Every structure is written in structure tokens, then in C-alpha cells.
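A short worksheet on the structure shown next.
Labels below follow one simple rule: chain letters A, B, ... track the order of the sequence lines, proteins then strands, and each chain is numbered from 1. Being a predicted model, the structure only gives us computed values, none of them experimental.
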There are 2 protein chains.
Amino acid sequence: MKIDKLSFVDRAAAQLRNEIVHGRLLPAERLTEIVLSERLGTGRGTVRAALSILESEDLIVRQPYSGWSVRDVSEKELWETYTLRGALEGLAARLVAAAVDETIEAGITAAFERLQSAQSGKDGAERVDADLNFHRTIVNLAGHASLTRQYFGLSNKVEWLYRWSETHWPSRIDLTSWHRPIVEAILARDPFAAERAVQVHGEASLADDLRDFSELRRQSA
Amino acid sequence: MKIDKLSFVDRAAAQLRNEIVHGRLLPAERLTEIVLSERLGTGRGTVRAALSILESEDLIVRQPYSGWSVRDVSEKELWETYTLRGALEGLAARLVAAAVDETIEAGITAAFERLQSAQSGKDGAERVDADLNFHRTIVNLAGHASLTRQYFGLSNKVEWLYRWSETHWPSRIDLTSWHRPIVEAILARDPFAAERAVQVHGEASLADDLRDFSELRRQSA
DNA sequence: CGATTATCGATTGTCGACAATCGATTATTA
DNA sequence: TAATAATCGATTGTCGACAATCGATAATCG
């Protein structure tokens with residue numbers, strides 16, 4: 001019988017990824033292999049391999065012979081992440097809209113309904129989860145393995161930035177109205193409109209986050 | 001003084017990447033760490049880290065406790081790679097077209113002129129290089145670090161598939177006419193048209209490669 | 001005193017040894 | 001004999017030790 005438990009490396013990577021994305025490891029925070037090795041109870045080589053994975057996901061940065069650190073947050077980082085997401089998710093939306101069937105319809109509808117519930121509820125964390133889930137759902141329904149793979153890393157960055165901004169400046173955007181155009185375009189089987197809706201959504205999200213961020217900058221300055 | 005020579009890991013990764021992209025390591029070929037370790041004259045841990053990098057670039061595949069192998073070529077692989085390239089390069093073209101200045105104009109023009117020279121020349125390898133260079137130039141001019149990074153890995157896959165098809169079925173497409181619409185849209189500072197031109201080009205390239213590939217399949221069957 | 005060089009502690013880079021797992025082959029047994 | 005279990009060689013997974021490099025600080029020298 002084949003056992004498919006995760007390797008130590010994958011588990012270490014998952015834990016560190018989680019800590020970064022949820023802000024328990026702060027932006028620009030220094031990461032030393034031996035310290036992490038002791039904290040995670042695993043060898044340094046293992047930690048090193050895990051850090052290498054997170055580097056390939058662009059969550060951390062390495063300076064040779066000097067050290068690793070969590071990426072820093074900046075306006076440019078926000079802009080790059082959101083524009084990139086627009087491009088990948090735009091492709092996904094186009095593909096999904098061109099291949100709507102029962103499965104896709106059910107998946108999109110369920111994700112959108114979850115958004116609506118979260119919108120009326122008071123749970124801030126669930127709002128964030130539902131939002132991220134909606135976008136990931138679209139990508140996963142596109143039937144494009146490489147895209148799903150690429151998007152995985154990017155969506156972690158999005159989640160990281162999203163939670164960061166949410167922690168410091170909780171947003172009150174209307175999840176339902178912000179996402180409805182995407183749902184409608186997909187269900188209308190209009191690839192071009194779906195791609196466009198995703199891009200518009202991305203630009204609006206970016207503007208929203210950028211406003212929060214510069215406000216935050218102003219306060220701490 | 002700071003020495004910035006590449007680490008053993010990076011050098012090993014570069015060499016293996018090169019061998020895969022140029023087809024010296026065949027699609028689906030099995031890679032064993034100890035063998036590579038002896039061939040590259042470096043430790044197994046180093047090779048392992050290099051393989052891990054190549055895996056994150058989607059050039060090779062790992063099966064836990066079983067081994068590594070070069071990715072296999074398939075219609076789906078071709079479709080995914082080219083559609084993904086279209087999305088990323090589309091974003092790049094849009095950004096470039098929206099920010100045309102002397103530098104961009106010079107860069108695009110130079111890349112296009114190289115294409116034209118290669119077109120009239122007889123050197124098949126130079127045709128491929130010039131083509132790949134043109135696309136990479138657009139992305140590099142977009143001023144988008146994350147995009148450049150993501151595109152790096154993807155462009156290696158494109159190069160790999162391109163050379164694979166070129167080896168087995170040299171193409172005689174007209175490089176100049178295939179790329180001129182992109183150049184014109186960018187120089188006309190029309191972001192929308194530039195993105196569209198890139199997508200159209202991508203679809204045509206895909207169709208071209210797919211035709212070669214199925215022909216190859218037919219022959220070996 | 002200012003600039004260059006040597007030293008030192010801390011951290012990463014590299015390697016080989018040992019353990020865990022896999023897949024195939026052989027042995028066992030109902 | 002066919003199905004199941006034990007064995008074995010090959011390969012990957014994990015770890016700790018040692019070497020290389022960095023940045024800062026102290027020492028040297030004009």
C-alpha cells in the first residue's frame with residue numbers, strides 16, 4: 001500500500017507559508033535556518049529546502065551567504081501582484097466562460113452564494129476566505145493544470161497582501177456587487193466579457209488596497 | 001569586494017535546464033540523483049536542490065521516493081504552455097504599449113530587425129533564437145519584476161517545445177509577417193491592440209506546433 | 001585622523017552517511 | 001496454481017559536520 005503522507009520538507013514549507021500569509025512572520029522579517037530548524041524540530045537541510053520552495057513562490061527573498069527574509073510590502077508589490085492576477089485569472093475566466101456546463105455552473109454559483117452569505121455575516125475572516133475561494137474556484141474550473149499551478153503561488157501572495165491590508169485597515173467593500181459582473185458574464189457564456197470583468201475587478205481591488213496602504217504609510221510616518 | 005559567482009546549485013540547475021531545453025535530455029527521460037551527481041561532479045544534495053528548482057519551473061516531474069523525470073510532450077502540454085504565454089505576454093504588451101518611450105522603441109525595433117535578418121538568413125538556430133528573443137524583449141521592457149520572473153520559467157518551456165518541434169519538423173513560417181502586427185500595435189501606443197496581437201500570434205503559433213506534433217505522432221505510430 | 005587591512009562571529013553553502021520507501025522478485029501457503 | 005507475504009536492490013528523504021563567505025569591528029599605517 002502506498003503511503004502518501006507529506007515529506008518533512010513539504011510540511012515545513014506549508015507551515016512557514018501559512019505563517020507568512022497570515023502575517024505571523026512579518027514583511028521583511030529575517031529568517032535564519034538554524035532558528036527555524038529548532039522551532040520546527042527538523043534538520044537544517046530540510047528547512048533549507050522548504051525555504052527554497054517559498055522562494056520559488058516569491059514569498060521570501062534570499063541574499064546569498066547572507067540570509068533569507070520575508071518579502072516586503074510596497075505599492076509596487078501590490079501593483080505587480082494584482083496585475084499579474086488579472087492576467088492569469090482573465091485567462092481562466094475566458095476558458096471557463098467558453099466551457100460552461102453543469103459542473104462549472106454549480107461551482108461558480110456555490111462560490112458566489114458563499115460570498116453573499118459572508119457579506120451579510122459579521123465574520124471578517126470568513127469574508128476574506130470566501131473572497132479568496134471565489135477566485136480560486138474560477139481558476140480551478142478552467143481545466144488548465146499549468147495555470148492552476150502558477151496561480152497557486154500567486155494566490156498565496158494575494159492572500160498575504162489581502163490579509164495584511166485587512167488587518168490594518170478592514171475594508172467594507174460590497175463583495176456581492178464587486179463579483180456579480182464576473183458571475184454574470186461567465187453564466188452568460190461570454191468569454192470576452194468574463195475576462196474583462198475579472199480585469200475590472202482586479203483594478204478596483206488594487207485601487208482599494210493601495211488606498212489602505214498609503215493611509216497606513218501616512219500614519220506610521 | 002563582493003564576489004557574485006553562481007553557487008554550485010545554480011550552476012547545476014543552469015546546466016540541466018540547458019540540456020533539457022535543447023533536448024539533450026529527452027522528454028520523459030528518467031533522472032537519478034546519483035548519476036547526475038557523478039556527471040556534474042558535485043554532491044547529491046546539490047543536484048537535489050537543482051532538481052527542485054527545475055521542478056518549480058515545471059520542466060521536470062518528481063514522484064516521491066521514486067524519482068525525477070523530464071516532463072513529457074503532449075498536445076495538452078503545448079496548449080497549456082502557449083495559452084499561458086499568451087496571458088502573460090498579453091499583459092506585457094499592454095504595459096509596454098502604454099509606456100512607449102525611446103528605450104522601448106529602440107528595444108522593440110532592434111528585436112524586430114534581428115527577426116528580419118534571421119528570416120532572410122539560412123541559419124535555423126538563429127531563427128529560433130531571434131524569435132525567442134523578441135518575445136522575451138517585450139516582457140523585459142514591461143517593467144514588471146514579478147512578470148519577468150514568472151515568464152522566465154515559462155519561456156524555458158516554450159523554448160523547449162519550440163526546439164523539440166523544430167528538430168523534428170522544421171517550420172518555415174514567415175517570422176516577419178507573424179510578428180509585425182505586434183510591433184505596429186506597440187509603436188502605435190495601442191495597448192488593447194497590442195494585447196490582442198500577442199494573443200493572435202500565440203494562437204497561430206500553437207496551431208503551427210500542434211500540426212507538427214500530430215504529424216510526428218502519426219509517423220512514429 | 002582617515003582610510004585601508006586583518007580579524008572574528010554568525011550564517012549560509014556543500015557534502016557524505018544513514019534511514020525510509022518503493023517496485024520487482026521470490027518465497028509461502030491455502 | 002493463484003493469491004498473498006517476505007525479501008532485496010535501488011533510489012530518494014533526512015540529518016549533522018565541515019568549509020566558504022559575509023558584515024561588522026578592531027587593528028594598522030600613511
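- Taking every heavy atom of residues 49-61 of chain A and every atom of DNA chain D, no pair lies under 4.0 Å.
- Close to dA20(D), at under 4.0 Å from its OP1 or OP2, lies no side-chain N or O of Lys5(B).
- In this view, Arg127(A) and Gln119(A) satisfy the side-chain hydrogen bond (donor to acceptor under 3.5 Å, both in side chains) rule, not counting sequence neighbours.
- Under the side-chain contact (heavy atoms from CB on, under 4.5 Å) criterion, Phe152(A) pairs with Arg17(A), Glu57(A), Asn156(A), not counting sequence neighbours.
- A search for side-chain contact (heavy atoms from CB on, under 4.5 Å) contacts involving Ser52(A) returns nothing, not counting sequence neighbours.
- For the pair Gln63(B) CD and dG23(C) P, the computed distance is 9 Å after rounding to whole Å.
- You'll find the side chain of His179(B) reaches within 4.5 Å of the side chain of Phe112(B), heavy atoms only.
- Partners of Asn18(A) by side-chain hydrogen bond (donor to acceptor under 3.5 Å, both in side chains), not counting sequence neighbours, listed by chain and number: His22(A).
- Partners of Trp160(A) under the ring pair (Phe, Tyr, Trp, His ring centres under 6.0 Å) rule, at least two apart in sequence or in another chain, do not exist in this structure.
- Per the geometry, CD1 belonging to Ile34(B) stands 14 Å off P belonging to dC18(C), to the nearest Å.
- Contacts of Arg48(B) classified as salt bridge (Lys or Arg N to Asp or Glu O under 4.0 Å), with partners at least two apart in sequence or in another chain: Glu33(B).
- In the helix from dC1(C)-dG30(D) to dA30(C)-dT1(D), the end axes, each obtained as the rotation axis mapping the C1' atoms of four pairs onto the next four within a five-pair block, lie 0° apart to the nearest 10 degrees.
- Annotation: side-chain hydrogen bond (donor to acceptor under 3.5 Å, both in side chains) contacts of Glu19(B) (sequence neighbours excluded): Gln15(B), Arg39(B).
- When the ring pair (Phe, Tyr, Trp, His ring centres under 6.0 Å) test is applied to Tyr162(B), no partner is found at least two apart in sequence or on another chain.
- The side chain of Glu33(B) has dG13(D) as its nearest neighbour among dG13(C), dG13(D), dT11(C).
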Each nucleotide N or O in nucleotides 14-16 of chain D that has a protein N or O under 3.5 Å away: list the pair and distance.
| residue | atom | partner | partner atom | Å |
| --- | --- | --- | --- | --- |
| dT14(D) | OP1 | Phe8(A) | N | 2.5 |
| dC15(D) | OP2 | Thr42(A) | OG1 | 2.6 |
| dC15(D) | OP2 | Gly43(A) | N | 2.9 |
| dC15(D) | OP2 | Thr46(A) | OG1 | 2.6 |

Return all side-chain donor-acceptor pairs below 3.5 angstrom for residues 83-103 of chain A, not counting sequence neighbours, or 'none' if the list is empty.
| residue | atom | partner | partner atom | Å |
| --- | --- | --- | --- | --- |
| Thr83(A) | OG1 | Trp79(A) | O | 2.8 |
| Thr83(A) | OG1 | Glu80(A) | O | 3.0 |
| Thr83(A) | OG1 | His144(B) | NE2 | 2.8 |
| Glu89(A) | OE1 | His135(A) | ND1 | 2.6 |
| Glu89(A) | OE2 | His135(A) | ND1 | 3.3 |
| Glu89(A) | OE2 | Tyr151(A) | OH | 2.6 |
| Arg94(A) | NH1 | Glu195(A) | OE1 | 3.0 |
| Arg94(A) | NH1 | Glu195(A) | OE2 | 3.0 |
| Arg94(A) | NH1 | Gln199(B) | OE1 | 3.4 |
| Arg94(A) | NH2 | Gln199(B) | OE1 | 3.2 |
| Asp101(A) | OD1 | Thr103(A) | N | 3.2 |
| Asp101(A) | OD1 | Ile104(A) | N | 2.9 |

